[in-house]
Amino acid sequence: MSKEKIIVLDFGGQYNQLIARRVRELSVYSEVLSSDTPIEKLIEMEPTGIILTGGPNSVYKDGSPRYDPKLFELGIPILGICYGAQLMTYLLGGKVETAPVSEYGHTDVDILKGDDILFRGVSPKTVCWMSHTDYIAQAPEGFTVTASTNVCPFAAASCPEKKLYFVQFHPEVAHTAEGMTMLGNFVKKVCGCKCDWKMDSFVETSIKEIREKVGSGRVLCALSGGVDSSVAAVLLSKAVGKQLTCVFVDHGLLRKNEGDEVEAVFGPSGSYELNFIRVNAQDRFLGKLAGVSDPEQKRKIIGEEFIRVFEEEAKKIGTVDFLVQGTIYPDVIESGLGKSAVIKSHHNVGGLPDYVDFKEIIEPLRLLFKDEVRKAGLELGIPENLVFRQPFPGPGLAVRIVGEITAEKVRMVQDADAIFRQEMALAGFDKYANQYFAALTNMRSVGCMGDERTYDYACVLRAVTTTDFMTAESAELPWSLLGKVTTRIVNEVKGISRVFYDCTGKPPSTIELE
Ligand code: XMP
């Protein structure tokens, strides 16, 4: 297998990891590096090609991220996208200015040079996704304009002698109809990649890297029984065998019977040879969360308490050098690491306390999207029912109970959720919705049950369809199914007297309520 690698240099745009993912879909390994990475380090990585991403800044403003202009003299093929295009232009002596009109969304692009390598096989008029306020008013010397729009005279340009290409639009998003053809042309025709990378190469490479990093050290893995941490645990166990101990913290905020189910799969009677420890810490977590209603505070408390529990377990085991977490890419981007905005701090990432008593944290899935994690899980031979299990957030039901958490509310949401999941499976809708659950609002309302006035909680049913969990749509469930679930919940779950269905997509909402 070749060692082809496309490096995506991150200038802060929202779609940066999507660029790397698209390249991986073209069967070439790709990873995202911060634009702060020194050029020497970049050269050491021997990239086959480099993509400069979009970003929210103006190149001509002080403090906007730049890069060493020597980058363009290395002879490595480079594609600049949006801000990356403007930066390439600016650093090579072209002109970037505020556009007379901003372009957002679907935009008609005229391909002026169909024989340009980047646009081979692309229609002369093609729809692309634009999102910019600045534009390229003059390309650098040596560049030929290859595409334009009504607003942008230089929607794309190239300098094939130096293997430099730029596009003002975003080829990586699905709205750019022929974006994959353009990226494919860059990867295959400009960079000359053979495209022989596969997800099993990810597994193979990760195992090799983990072995090198861990040596004879001891590793502790945070296992929740969800897809991500299960894949991380099995990956680690393949890499370092019994040097690994998996700790499963039952924080009391799991789905109904979930603690026992996880133990059945990974514990001593399960099918894996793991050192497995279950810690029952329900009271400890509920105690810390008592009286707390702010979502971010809840997430931080749970994240911190998780780490403390692990540290304590680690001390019992002896010296532990590494902690493994099943963090995946959407957790990283939404926690606002790098240069993107904070949406919520996922407990694996933003919730980490400042002081962590381990030599290092290993996050082998940090660069993967959910569906890529599942592919890796299948490559690792993990059973399908586990690999395709719907995701469950690290802070568990804490982010599905709006406001203060009590044992009583946990019981209500567990029971309502179990009913919803059971009925979804019976009606055959469990495969259609990618994630579905019941949550509890902090709203109480007046009801009437058996001639008595009630003043009980309202529960929310949430079901979404999504591929990458970065965006999602509310699932269209039949009224008959929703009606049946509603009747069962209000009849069987004491304390709930009203049921809502959440019709909101992501954005503007998120999948979880908090
Ligand atoms: P949101 O609510 O951010 O959720 O739209 C996107 C996906 O991430 C899951 N999620 C989490 N997973 N730790 C996790 O491991 C967390 O703190 C967390 N918060 C949300 C959520 O269930 C959905 O699949």
Side-chain angles (χ1 to χ4, degrees), residues 14 17 221-233 248-249 251 253-255 258 262 285 289 294-307 310 323-337 340-353 361 363-366 368-374 377 387-402 405 413 417 420-421 430 433-439 460-475 502-514:
Q14 288 287 327
Q17 197 48 242
C221 176
L223 180 62
S224 71
V227 189
D228 306 340
S229 67
S230 301
V231 172
F248 165 54
V249 177
H251 52 24
L253 297 158
L254 299 171
R255 287 168 284 202
E258 194 166 22
V262 172
F285 277 83
L289 288 165
D294 177 70
E296 277 301 289
Q297 219 187 329
K298 285 195 221 171
R299 283 173 173 274
K300 300 260 178 201
I301 289 172
I302 294 172
E304 164 118 24
E305 210 51 23
F306 246 95
I307 298 286
F310 286 128
L323 174 71
V324 180
Q325 292 205 355
T327 317
I328 68 167
Y329 184 68
D331 306 341
V332 178
I333 188 88
E334 297 198 349
S335 290
L337 297 194
S340 318
V342 177
I343 309 291
K344 43 175 102 162
S345 46
H346 283 201
H347 96 256
N348 289 336
V349 192
L352 280 182
I361 294 197
E363 294 176 314
L365 312 176
R366 198 178 168 83
L368 302 189
F369 284 84
K370 197 77 172 189
D371 49 330
E372 294 181 306
V373 174
R374 292 202 161 110
V387 167
F388 290 99
R389 204 168 163 179
Q390 58 166 314
F392 186 66
L397 301 179
V399 294
R400 294 182 181 173
I401 295 173
V402 178
I405 297 162
V413 80
D417 182 66
F420 186 33
R421 282 190 291 136
D430 52 337
N434 304 100
Q435 191 169 8
Y436 54 94
F437 54 85
V460 178
L461 303 177
R462 178 97 169 117
V464 295
T465 55
T466 171
T467 50
D468 57 15
F469 297 84
M470 299 281 282
T471 58
E473 284 177 54
S474 174
D502 186 342
C503 301
T504 337
K506 171 185 178 176
S509 286
T510 53
I511 295 175
E512 302 292 345
L513 269 71
E514 290 197 334

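We count ligands from 1, going down the list as the structure has it; atoms in each ligand are counted the same way. Position 1 is the first residue of the sequence, and the numbers go up from there. Fair warning: this is a prediction, and the values are worked out from it, not measured in the lab.
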With side chain to side chain contact (heavy atoms under 4.5 Å, CB included) as the test, would you mind laying out the steps for Ile307 and Gln325 before giving the verdict? CA-CA 11 Å; Ile307 298 286; Gln325 292 205 355; 3.8 Å; yes

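- Polar contact with ligand 1: present for Ile511 (N/O pair, distance under 3.5 Å).
- Partners of Phe392 under the ring pair (Phe, Tyr, Trp, His ring centres under 6.0 Å) rule, at least two apart in sequence or in another chain, do not exist in this structure.
- Counting atoms of ligand 1 from 1 in the listed order, those under 4.0 Å from a heavy atom of Pro391 are 24 (O).
- Each of the following atoms of ligand 1 lies closer than 4.0 Å to a heavy atom of Lys506: 1 (P), 3 (O), 5 (O), 6 (C).
- The shortest N or O to N or O distance between Gly394 and ligand 1 is below 3.5 Å.
- You'll find the side chain of Gln435 reaches within 4.5 Å of the side chain of Ile511, heavy atoms only.
- Shortest non-hydrogen contact noted between Val402 and Glu514 is CA-OE2, 3.4 Å.
- Inclusion of Arg400 in the set of residues having an N or O under 3.5 Å from an N or O of ligand 1 is not warranted.
- For Ala232 against Leu365, the heavy-atom pair with the smallest separation is N-CD1, 4.0 Å.
- Residues meeting the side-chain contact (heavy atoms from CB on, under 4.5 Å) test with Val413, sequence neighbours left out: Leu397, Ile401, Leu440.
- Under 4.0 Å from ligand 1, not a single heavy atom of Lys370 appears.
- Atoms of ligand 1 lying under 4.0 Å from any heavy atom of Pro395, numbered from 1 in the order shown and given with element: 13 (N), 16 (C), 17 (O).
- Every atom of ligand 1 with a heavy atom of Thr510 under 4.0 Å away is listed here by number and element: 1 (P), 2 (O), 5 (O).
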